[in-house]
Structures are given as C-alpha cells and as structure tokens.
Q: 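The structure follows.
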Amino acid sequence: MSEVEDTRYFFPVDDPALESDAVNLKFYVNGQWHKSASDKYMPCYNPSTGEVIAYAPQCTADEVESAIVAAQKAFPQWADTPVSKRVQVLFKMKSLIEQHMSELIHLLAREQGKKWMEAYGDLIKVIEVIEFACGAPTLMSGSSLMNVSSGYDTVQYRHPVGVFAGIAPWNFPAMIPHGWMAPICIATGNCMVLKAASFVPQSSMRLMELWSEAGLPPGVLNVVTAGRNEAEILLKHEDIAGVSFVGSTKVGLHIYATASGSGKRVQALTEAKNHALVLSDCKLERAAKGIMNAFCGCAGERCMALPVVVVENKIGDELVALLKKYSSEIKLGPAYDKATDMGPVVNRGHQDFVVSWIEKGIKEGAELVLDGRNPEVPQGCENGFFVGPTIFDHVTEEMSIGREEVFGPVLCIKRVENFDEGLAIMNGSRFANGSVIYTQNGYYARKFAKETDGGMVGINVGIPVPLGIFGFTGHKQSFFGDLHCMGRDGFAFYTETKNVTATWFAEDEVVSSEVDTWDGTVTSLPEEID
C-alpha cells in the first residue's frame, strides 16, 4: 500500500523548474487520501489557457485492488445500516454542495472547459439525483400479499447487491460520477469503486471530500484514477457485482462483453448522433436558437448534443441562414468568465480530433457554411483548446461526418422533402439516444414520439434530457445492458429482489401425514382431477 496522506486530495509538485501552480493528485481508499506509488502521472490542463494545472496518478494494480478490498470490507455494515439512516448522508451531501457551489463551479469550469452556467448545471444535476435517491425508503419498498394460497403469505424485499464499479467519462466530471452513479448506489446500501476520468479528476475528488464530510463511512465510496490495464481489474474481479460506464461505444461494448461475461450487472451508456427533424410549420427563429444552443452547448461535448438537423427543403435555406447568423455571434472565452458564451474543448488531443472531422467533412463534399477552425479568442486564451461553431450544409447519408459522433460544436444539415423521409433518415442511424422534432403540428409531433427510435424525445426541446426520476433511456448502440441509469431502473440495477413465502402452524394443528408437493406455492388445486 502506498504512503497515506489523509488531509486533502492534492499535494505540491516538487519541481522548482515548473512555472505553474500545478499540483499532484492522490487517490481515496477506506476513508483516507493516499499518494500513489505509481511513476506514471497524466497531465491535466486548464483548457481555457492550455496550462497544466494538475497531474493525476495512474494508480497501480495493487492500489485498485486495495479500493475493492476496502469497499468489500465496508459493504456488510453499510448494507445493514437502516435505509432511513443512509439517506441522512445524502441530505447532508446536498447541503454541502450548495454551501460550496461557487468553489465547485470554478473548479469544474477550470479543469473541463464548461462555461460558468454549464458547470453550474453539471452540479445542479448532482443535487437533482441526490434528492431523488433520498427517496430510497420508498423506492426500495417491496410488495406483499396475504393468503397467496390458503394460509400462506408472500413478501418481496429489495436488497443491496455488493460492490459496484463506476467508470466515469471526462465530459461531465460531477454529474455522471456523483449524480448518475454514486447516490443511488450508496442509498441502496451498496459500496463503490469510482474510477474518475484522468483528464478531469479534481471535481470528483473535491466532491469525495464532501461525501466524507457528510458522514459517509470509510470504504463505502473510493476514488481512483487509473490506466486501461488497471481499470480492467474492475471488469473481472470476483468481488465486483456490477459496472456502470459512460463513454465511447467501442469501449462500452468491451466493458459490456467482459463484465457481463464475468457474471456482473452492466449498464454501458455510449455514443450518439442525435437528429432533429425541422418541419416547415415550426416557429423557425425559436427553433434555430434552440438548435444553436443544442449543438454548441458544452462545446458539443455531450451525448445529448444535437449535431444533425434534418430539415424540410422548403425552409432549408432560411434555417441555415439563421443558424449561421446566431452561431457567428457566439463569444468564445475562458470557461470561468461569466461573459463567455462557449468555452474550449477539453484538451489538445480532442481539439485535434474535432478539427480532423471538420476537414473530413470538407473532403467528403459537405458545404462548409461556418468554419470553427482557428477561432478568435480573448487575450490569454491563445493557447487554449478552442473550436468555434461549425456548420455543414447538404450533408448526405454517404458522408461519415453526418453518421459518426464528432463530440464537438459541429452541426450537419440534411435536406428532405417531408416528414416520412426525415424520420426514415433518423431511424437509419445505429445510435438512438436523443431525437427531436420542431413543429406546431400535434399530429406529426405525436406520430414522431411514437415512431422515432430515440429513447429520449424532444418536441420543440433541443436537449430532451429527462429529470433523474425518469432515468436516461438511450437505445440501439447508445446503450448496452438491461437496466438504465437513474429512475426506477437505477434502483433495480443496484438492488436484487428476494421473495419470502411463509405459513404458520396453529398450536393444536393436527400434523398431516402428507404434504402436497406444491406446499402452498400454487393458488389452489382441485380436490380431484380426471
């Protein structure tokens, strides 16, 4: 086990030559912060300036193993803690997040690149799911029926399962690990090993400090950063009962196959290529503003972004002109400046990835209406990782730019003649996360909601992410598993059911010489049957 340092989640970098105020990060196991024994540290950047702000350890296999051991050791006592007492920790955590909101927003914006209000929203979504998980005493309630057969009663209980692994992505450093994953897992009496994204681990680590302050017992939640080989341990380890993952489809397929092949529960939320169908009867200016927000928000780095618009040709030119006008007015700048309209993407590698897709779209023959390469940025942001709003028109189904996830502020316009043609194009995608229609026609809105493959549907709503009480319901290659995250599915994922059937014998009951082979497990048997 590595050296213990249980004060904060970071320590100074011992390098006089380093000009920035970067810190080394630790990992959290069994209620304490530890310095990693690893010699591999990944640089974490302020994407607004390009400066290194931290180094995240690639925890060793022994350190990941220690987190699993700590969680497994904590599980029996935490599972046996009354659910009403467990949720008191969640109530306290909600209060602590609210108390530290400004600090958390700045930390998240600085390490991930979300503008101020988007970082605020990231944290509000944590609170939203914590509030939902506080309903665990009701949501874990089972069911019962007296006299299921004469003199027999059955009660169904929900029990915690064990230790879960949470493998978080870099695009929502707070909402996904500490909203989608940890609260329901904890409230239902399970323990978790959380692998924070190495690009953006500080928000997750600071929230871990608050969980500890809220009274979460040691070992219930543990936070590590690790490379692929060490993370693989979580997929196969005999003491891991289930895995919750958010990330790419390629990795999600691997996690689903590996973890489920090891007998674990898996929910893998993966990529998307969400489409909006814009009909000619829509409120065009309002639709254009909604689309702009949906494809540029969070710099396009979200699986519920809106990167494709399928528009009726008769209004296509007018819509494209509006989108170009509104998108050109977006002000890029440092994420933590409240005047900024759009922040940077997460790092240089992802900036290069998005730019390469823009160049591929040009090569494929799409019409570049607005070019986000080399955008104008404020002084001090010249080395930041910025990509401006980008719009392609006349994108066809043969072009990969309109089929594959770019994960940046890049919009593709596809032209169609009518509703049916547009819906067919949308349902032809291998992804089915979100699906949107802009229309004032109730008939087509209802038909769309019924027939679209998308699991989360927006009617004049560009980002139709439901509240946590409903869950996150991607379909097709946007999700692998049986139970979605959050909502009632989330409670089912983190619990298992147990049915108890009982009968009681009267003191003076005459013991029968024969007991029916069904012994109360069928409602009734006829006394005689031919």
Side-chain angles (χ1 to χ4, degrees), residues 1-6 9-11 13 23-44 54-76 161-170 173 176-178 181-182 185 190-202 204-205 208 211-212 218-248 250-268:
M1 186 66 175
S2 51
E3 181 184 349
V4 173
E5 289 269 334
D6 62 357
Y9 67 87
F10 58 86
F11 61 98
V13 175
V23 295
N24 282 322
L25 304 178
K26 306 175 189 175
F27 67 99
Y28 188 81
V29 167
N30 200 31
Q32 293 180 317
W33 290 103
H34 303 264
K35 290 183 180 179
S36 175
S38 175
D39 60 356
K40 297 178 181 177
Y41 276 73
M42 176 176 285
C44 308
Y55 294 91
Q58 303 298 282
C59 289
T60 67
D62 286 345
E63 290 165 350
V64 173
E65 179 78 30
S66 73
I68 299 171
V69 170
Q72 184 67 15
K73 184 178 179 181
F75 172 66
V161 181
V163 177
F164 284 81
I167 302 177
W170 51 259
I176 292 177
H178 294 277
M181 295 175 179
C185 179
N190 300 284
C191 297
M192 177 170 274
V193 176
L194 178 62
K195 190 191 90 65
S198 295
F199 293 163
V200 290
Q202 292 187 83
S204 197
M205 292 176 176
M208 184 65 251
W211 279 113
S212 179
V220 175
L221 182 61
N222 308 271
V223 178
V224 300
T225 49
R228 182 170 298 178
N229 292 335
E230 290 71 30
E232 194 81 3
I233 296 168
L234 300 170
L235 310 183
K236 300 176 182 178
H237 199 286
E238 62 182 2
D239 290 332
I240 295 291
V243 179
S244 182
F245 166 80
V246 179
S248 73
K250 180 180 179 180
V251 176
L253 272 168
H254 170 74
I255 286 173
Y256 179 69
T258 305
S260 63
S262 299
K264 306 183 190 312
R265 299 175 176 211
V266 183
Q267 51 180 205

Q: Would you mind reporting whether I255 and I167 have side-chain heavy atoms less than 4.5 Å apart?
A: yes
Q: Can any side-chain N or O of N190 pair as donor or acceptor with the backbone N or O of G162 at less than 3.5 Å?
A: yes
Q: Do you know which two heavy atoms are closest between Q267 and S244, and how far apart they sit?
A: OE1-OG, 2.8 Å
Q: With rounding to the nearest 0.5 angstrom, report the CD to CD1 distance, E65 to I233.
A: 6.5 Å
Q: Measure from the side-chain N and O atoms of S262 to the backbone N and O of T258, and report whether any donor-acceptor pair falls under 3.5 Å.
A: yes
Q: Does H34 reach the main-chain N or O of V29 with its side chain, forming a donor-acceptor pair under 3.5 Å?
A: yes
Q: Hey, does Y41 have a side-chain heavy atom less than 4.5 Å from the side chain of S36?
A: yes
Q: Measuring from D239:CG to C191:SG, what's the distance to the nearest 0.5 Å?
A: 11.5 Å
Q: Name the orientation class of the two ring planes belonging to F199 and W170 (parallel below 30°, tilted from 30 to 60°, perpendicular beyond 60°).
A: tilted
Q: Strictly distance-based, threshold 3.5 Å: is any side-chain N or O of K26 a donor or acceptor partner for the main-chain N or O of Q32?
A: no
Q: For the residue pair A197 and A168, what are the closest heavy atoms and their distance?
A: CB-O, 3.8 Å
Q: Test L194 against Y28 for side-chain contact (heavy atoms from CB on, under 4.5 Å), laying out the working first.
A: CA-CA 10 Å; L194 178 62; Y28 188 81; over 6 Å; no
Q: Side chains of C44 and V200: does their closest heavy-atom pair fall under 4.5 Å?
A: no
Q: Between atom CZ of R228 and atom NE2 of H254, what is the distance when rounded to the nearest 0.5 Å?
A: 8.0 Å
Q: Are any non-hydrogen side-chain atoms of Q202 and V23 less than 4.5 angstrom apart?
A: yes
Q: At their closest point, which heavy atom of K264 faces which heavy atom of L234, and how far apart are they?
A: CE-O, 4.1 Å
Q: Are any non-hydrogen side-chain atoms of F11 and K35 less than 4.5 angstrom apart?
A: yes
Q: Could you tell me whether the side chain of R265 reaches within less than 4.5 Å of the side chain of V161, counting heavy atoms only?
A: yes
Q: Can you tell me how far OG of S204 sits from CE of M181, rounded to the nearest 0.5 angstrom?
A: 9.5 Å
Q: What distance separates N24 CG from F10 CZ, expressed to the nearest 0.5 Å?
A: 11.5 Å
Q: We want to know whether E63 and S38 form a side-chain donor-acceptor pair, criterion being a heavy-atom distance below 3.5 angstrom.
A: no
Q: On a heavy-atom basis, which atom in F164 and which in V243 lie closest, and how many Å separate them?
A: CD2-N, 4.3 Å
Q: Could you tell me the separation between the CE atom of M192 and the CD1 atom of I240, rounded to the nearest 0.5 Å?
A: 9.0 Å
Q: Check Q58 against S198 and note the closest heavy-atom contact, atom names and distance.
A: NE2-OG, 3.3 Å
Q: Show the nearest heavy-atom pair for residues N222 and A71, with the distance to one decimal.
A: ND2-CB, 3.7 Å
